A.B. asks: 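This is the structure, below, for whatever I ask next.
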Amino acid sequence: MARDRWAGARDPEAFARSIGVNLAGRVKFYGISRWMFGSEPWLITLGDGVCVAAGVQFVTHDGGVLNLRKEYPDLEWTAPIVVGDDTFLGIRSLILPGVTIGRRCVIGAGSIVGRDIPDNTVAAGVPARPIRTTDEYVARLQAKSLGIGHLPAQAKAEAIKRIYGITTP
């Protein structure tokens, strides 16, 4: 377990690949663990430019079948998960079996995604539902942007403090 934490912190992409996750390019993980990918990590494909926030969980099977196997020994529901290029998965979102999330999507924090999400869509909620296009989302954000997204982390933090009148040492 400690080795997993070290490997995930050192090189999250290599760690994900080492447990079988299919990365179709560069993927940014904001927190990673073996357990976020469930018991079939090889059924998960993440596109190029995907960002995965902390606490995201990928579930590739339905555990509810366990108790039913007394009556139906062959019962199984396991299916792949595919996330398209340039998609953001919000903190603590849950992606369920058989789901395909299109390219250039944003999944809101805490969402439960149990159905496919089309390209260029912002989806959120329990269950997650499309709420606007990604283009509409960008337009809303541009209207209220602080205009400092290009700054390095420390300079950005200082600018935010200045903008909101925060005076800390």
Side-chain angles (χ1 to χ4, degrees), residues 8-9 11-17 19-62 78-161 163-164 166:
D11 188 344
E13 289 181 9
F15 175 73
R17 283 188 177 98
I19 62 172
V21 180
N22 301 298
L23 305 185
R26 298 296 310 225
V27 175
K28 180 124 180 140
F29 292 96
Y30 296 92
I32 189 170
S33 75
R34 174 180 301 275
W35 313 116
M36 70 189 289
F37 300 106
S39 55
E40 299 90 18
W42 56 89
L43 288 176
I44 301 164
T45 300
L46 304 176
D48 187 44
V50 169
C51 293
V52 181
V56 170
Q57 185 74 41
F58 299 91
V59 179
T60 56
H61 65 276
D62 185 339
T78 302
I81 293 171
V82 177
V83 179
D85 296 346
D86 301 314
T87 288
F88 177 82
L89 303 176
I91 193 168
R92 294 189 183 103
S93 57
L94 177 63
I95 317 302
L96 296 177
V99 165
T100 295
I101 299 172
R103 66 173 295 284
R104 200 169 176 256
C105 290
V106 175
I107 304 301
S111 296
I112 298 179
V113 185
R115 294 184 182 167
D116 291 352
I117 304 296
D119 291 348
N120 198 45
T121 299
V122 175
V126 178
R129 297 184 190 284
I131 56 175
R132 63 182 51 92
T133 69
T134 304
D135 295 326
E136 292 166 338
Y137 176 68
V138 169
R140 284 177 170 219
L141 289 174
Q142 286 177 322
K144 59 185 178 181
S145 175
L146 300 176
I148 59 173
H150 64 287
L151 296 175
Q154 184 62 36
K156 187 186 300 184
E158 292 304 318
I160 291 169
K161 288 177 186 177
I163 290 166
Y164 292 109
I166 307 295

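Here the structure is a predicted model, which means the values were calculated and not measured.
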A.B. asks: Can you tell me how far apart CZ (Phe58) and CG (Leu94) are? Round to the nearest 0.5 Å.
C.D. replies: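 Output value for this atom pair is 10.0 Å.
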A.B. asks: For residues 143-159, which side-chain donor-acceptor pairs fall under 3.5 Å, sequence neighbours excluded?
C.D. replies:
residue: Ser145; atom: OG; partner: Gly147; partner atom: N; Å: 3.0
residue: Gln154; atom: NE2; partner: Glu158; partner atom: OE2; Å: 3.1

A.B. asks: Hey, does Ile101 have a side-chain heavy atom less than 4.5 Å from the side chain of Leu89?
C.D. replies: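 The answer is yes; the side chains approach within 4.5 Å.
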A.B. asks: Provide the closest heavy-atom pair for Gly90 versus Ala53 in the form atom of the first, atom of the second, distance.
C.D. replies: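 The pair with the smallest heavy-atom distance is C-CB, 3.7 Å.
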A.B. asks: Tell me the closest heavy-atom pair linking Arg26 and Asp48, and the distance in Å.
C.D. replies: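 Reported closest heavy-atom pair: N-OD1, 2.8 Å.
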A.B. asks: Which of parallel (below 30°), tilted (30 to 60°) and perpendicular (above 60°) describes Phe29 and Phe37?
C.D. replies: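 Phe29 vs Phe37 ring planes: perpendicular.
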A.B. asks: Identify which one of Val82, Asp85, Val21 satisfies the side-chain contact (heavy atoms from CB on, under 4.5 Å) criterion when paired with Leu46.
C.D. replies: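 Among Val82, Asp85, Val21, the one meeting side-chain contact (heavy atoms from CB on, under 4.5 Å) with Leu46 is Val21.
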A.B. asks: When rounded to the nearest 0.5 angstrom, what is the spacing between CG in Leu23 and CD1 in Ile44?
C.D. replies: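 One gets 10.0 Å once the value is rounded to the nearest 0.5 Å.
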A.B. asks: Can you confirm whether more than 12 heavy atoms, excluding those of Arg17, are under 6.0 Å from its CZ atom?
C.D. replies: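 Enclosed.
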A.B. asks: Which heavy atom of Trp42 sits nearest to which heavy atom of Asn22, and what is that distance?
C.D. replies: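 Residues Trp42 and Asn22, closest heavy atoms: O-ND2, 2.9 Å.
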A.B. asks: Can you give me every donor-acceptor pair (side chain of residues 116-128, partner residue at least two apart or in another chain, under 3.5 Å) with its distance?
C.D. replies:
residue: Asp116; atom: OD1; partner: Thr100; partner atom: N; Å: 2.8
residue: Asp119; atom: OD1; partner: Arg103; partner atom: N; Å: 2.8
residue: Asn120; atom: OD1; partner: Arg104; partner atom: NH1; Å: 2.5
residue: Asn120; atom: ND2; partner: Asp135; partner atom: OD2; Å: 3.2
residue: Thr121; atom: OG1; partner: Pro118; partner atom: O; Å: 2.9
residue: Thr121; atom: OG1; partner: Asp119; partner atom: O; Å: 3.1

A.B. asks: Pro12 and Ile32: which non-hydrogen atoms are nearest, and at how many Å?
C.D. replies: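 Scanning both residues, the minimum pair turns out to be O-CD1, 3.4 Å.
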A.B. asks: If only atom types and distance count, is the side chain of Thr78 paired as donor or acceptor with the main-chain N or O of His61 below 3.5 Å?
C.D. replies: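 No, Thr78 side chain to His61 backbone: no donor-acceptor pair under 3.5 Å.
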A.B. asks: Determine the minimum heavy-atom distance between Gly108 and Ser111, stating which atoms define it.
C.D. replies: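 Looking at all heavy atoms of both residues, the shortest contact is O-OG, 2.8 Å.
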A.B. asks: Look only at the side chain of Glu13 and the backbone of Val27, and say whether a donor-acceptor pair between them is shorter than 3.5 Å.
C.D. replies: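 Yes, because the side chain of Glu13 sits within donor-acceptor range (under 3.5 Å) of the backbone of Val27.
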A.B. asks: Are the side chain of Thr87 and the backbone of Gly102 linked by a donor-acceptor contact shorter than 3.5 Å?
C.D. replies: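 Confirmed, Thr87 side chain pairs with Gly102 backbone.
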